[in-house]
Amino acid sequence: MLHPQARALLDLIEKSGLPPIHTLTPEDARKVYRERRSFSQPAAPDVAKVQDLQATGPHGAIPLRLYVPKANADPAGSQSASGQALLPVLVYYHGGGWVIGDLDTHDTLCRELANLSGCAVVAVDYRMGPEQPFPAAVDDCWAATRWVQANAASLGLDATRLAVGGDSAGGNLAAVITIMARDHAEGVELPIRFQMLIYPGTDQRRGHASHISNGQGYALTSDTIAYFQSHYIADKAQFHDWRASPLLAESLAKLPPALVITAGFDPLRDEGLDYADRLSAAGTSCHHVCFARQIHGFITMGRVLEEANAAVRLCASELKQAIALIQHV
């Protein structure tokens, strides 16, 4: 069954009379998404350091935000020339349907992941539709991740212990970036040690059964998904491009270990499971956990959904085991 806390949240949203995202302009939808976060997100924990940065990509500047964990001692890690310990790093791509979301909407989650894992986190404010449609987001995430690798030492980060992750649209982008890295896109060596895919969108065709069974009544609706898609991908033929639908990639072999989280009442549930199954079938190490009583987007809602906090702890634990404790080579 749907978790009682999730049911109460959905009832409250319905009673509030707030307009659905798909009825708003992208500008208004972004504002609403940003403003709503204070209701459902926990208080932002302190970290040792927050620094706004900027990478350069093919479309121009890309804003980034670096989080250094509060307990940042890392005895397993290497040191810079100045003797500073180099921290493993998670490059994080926010969710929001490739249309909404930014550094602030996922600030609390990035802080939590940093403190709980002992890894630094670099959040990426990639370009979105409709102003910059597919594949601009992919281009930005690739350029930003390369920039983090290239500038790691000067930021106190260990480029050899690099992970990527994201939720929803960000999970889609994280999956795509790992495939690009495996295939040495643009002739670049970009070793990624772990991928964190939180209820990722993996198939733009929307043909999985959960799109029907969970398409209405659980926050993310089929109407909202269609709204996001129409703003992100102008040409439906691009649904078959693996950079939009990583489930359609020719091979998912020889990819970094993955954690795939899904939610039982999420339209994206089945395509997330399908992606996890394909990773495992291809020989890629993958842990799949379904929070069967939860809705899409739940992981940022720890103020009102207790299972969200459990999911954050799970992500941090898997991240820590995958890269934070790996001895520097």
Side-chain angles (χ1 to χ4, degrees), residues 1-16 18 20-21 29 32-45 92-98 100-102 104-113 116-117 123 165-174 196-202 208 210-211 213-222 224-225 228 259-273 275-276 287-319:
M1 73 173 194
L2 186 66
H3 194 291
Q5 291 177 335
R7 178 74 273 164
L9 174 62
L10 293 174
D11 290 344
L12 184 61
I13 292 172
E14 183 177 358
K15 290 177 183 177
S16 71
L18 290 171
I21 290 292
V32 168
Y33 187 45
R34 193 179 303 114
E35 292 175 348
R36 285 183 187 176
R37 74 184 192 278
S38 61
F39 169 75
S40 59
Q41 292 191 14
Y92 195 86
Y93 319 118
H94 68 78
W98 309 276
I100 63 177
D102 54 34
D104 291 334
T105 60
H106 286 66
D107 178 78
T108 295
L109 177 60
C110 288
R111 289 168 178 264
E112 291 174 329
L113 290 172
L116 290 170
S117 69
D167 58 299
S168 192
N172 164 283
L173 292 166
M196 178 193 299
L197 312 181
I198 304 169
Y199 32 79
T202 66
H208 289 79
S210 57
H211 278 274
S213 60
N214 295 332
Q216 297 295 331
Y218 302 110
L220 179 65
T221 67
S222 57
T224 304
I225 295 173
F228 287 145
L259 170 66
V260 179
I261 287 180
T262 57
F265 290 85
D266 182 358
L268 306 186
R269 180 195 65 206
D270 291 352
E271 63 191 76
L273 172 59
Y275 196 75
H287 296 167
H288 168 246
V289 178
C290 180
F291 284 77
R293 305 184 296 171
Q294 287 303 332
I295 58 175
H296 187 85
F298 79 97
I299 201 166
T300 59
M301 302 179 185
R303 185 185 295 272
V304 294
L305 301 177
E306 292 176 358
E307 286 190 336
N309 300 314
V312 174
R313 291 192 296 269
L314 172 64
C315 287
S317 176
E318 291 278 321
L319 172 62

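For reference, positions follow the sequence shown, starting with 1. None of the values given here were measured: they were computed from a predicted structure.
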I'd like to check [X] versus [Y] (side-chain heavy atoms, cut-off strictly below 4.5 Å). Are they in contact?
X	Y	value
Pro20	Thr221	no
Leu18	Val32	no
Ile100	Phe228	yes
Asp167	Ile261	no

Enter the distance from [X]:[atom1] to [Y]:[atom2] here, rounded to the nearest 0.5 Å.
X	Y	atom1	atom2	answer
Tyr33	Thr105	OH	OG1	5.0 Å
Asn309	Glu306	CG	CD	8.0 Å
Leu319	Leu113	CG	CG	7.5 Å
Met1	Arg7	CE	CZ	11.0 Å
His288	Leu197	NE2	CG	10.5 Å
Trp98	Ser168	CH2	OG	6.5 Å

Exercise for the section: Could you check Leu220 against Asp266 for side-chain contact (heavy atoms from CB on, under 4.5 Å), going step by step and ending with a plain yes or no? Expected result: CA-CA 7 Å; Leu220 179 65; Asp266 182 358; 4.0 Å; yes

Closest non-hydrogen atom pair, [X] against [Y]:
X	Y	answer
Asn172	Pro200	N-CB, 4.0 Å
Ile295	Tyr218	CB-O, 4.0 Å
Ala316	Ser117	O-CB, 3.6 Å
Ala169	Gly96	CB-N, 4.2 Å
Ala263	Cys290	C-SG, 4.1 Å
Tyr92	His106	CE2-CD2, 4.1 Å

For [X], run the side-chain contact (heavy atoms from CB on, under 4.5 Å) check against [options] and tell me which one passes.
X	options	answer
Ser210	Leu268, Leu273, Asp270, Thr262	Asp270
Phe291	Ile299, Leu314, Leu305	Leu314
Gln294	Met301, His3, Arg269	His3

If only atom types and distance count, is the side chain of [X] paired as donor or acceptor with the main-chain N or O of [Y] below 3.5 Å?
X	Y	answer
Arg303	Gln41	yes
Ser40	Val304	no
Ser317	Arg313	no
Glu318	Met196	no

Practice task
Determine, stepwise, if the pair Glu271 / His211 fulfils side-chain contact (heavy atoms from CB on, under 4.5 Å).
Solution key: CA-CA 9 Å; Glu271 63 191 76; His211 278 274; 2.6 Å; yes

Practice task
Output, in order, the C-alpha distance, side-chain angles, deciding distance and verdict of side-chain contact (heavy atoms from CB on, under 4.5 Å) for Thr108 and Arg37.
Solution key: CA-CA 10 Å; Thr108 295; Arg37 74 184 192 278; over 6 Å; no

Exercise for the section: Evaluate whether atom CD of Gln216 has more than 12 neighbouring non-hydrogen atoms of other residues, nucleotides or ligands under 6.0 angstrom away. Expected result: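 For Gln216, atom CD is crowded (more than 12 foreign heavy atoms under 6.0 Å).
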
Exercise for the section: For the pair Arg34 and Asp104, find out whether any cationic side-chain nitrogen is under 4.0 Å from an anionic carboxylate oxygen. Expected result: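 Answer for the salt bridge query: no.
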
Exercise for the section: Give a yes-or-no answer on whether the side chains of Asn214 and His296 include a donor-acceptor pair shorter than 3.5 Å. Expected result: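 No - no donor-acceptor pair under 3.5 Å links their side chains.
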
Handout entry: Worked verdict on Phe298 versus Leu9 for side-chain contact (heavy atoms from CB on, under 4.5 Å)
Key = CA-CA 11 Å; Phe298 79 97; Leu9 174 62; over 6 Å; no

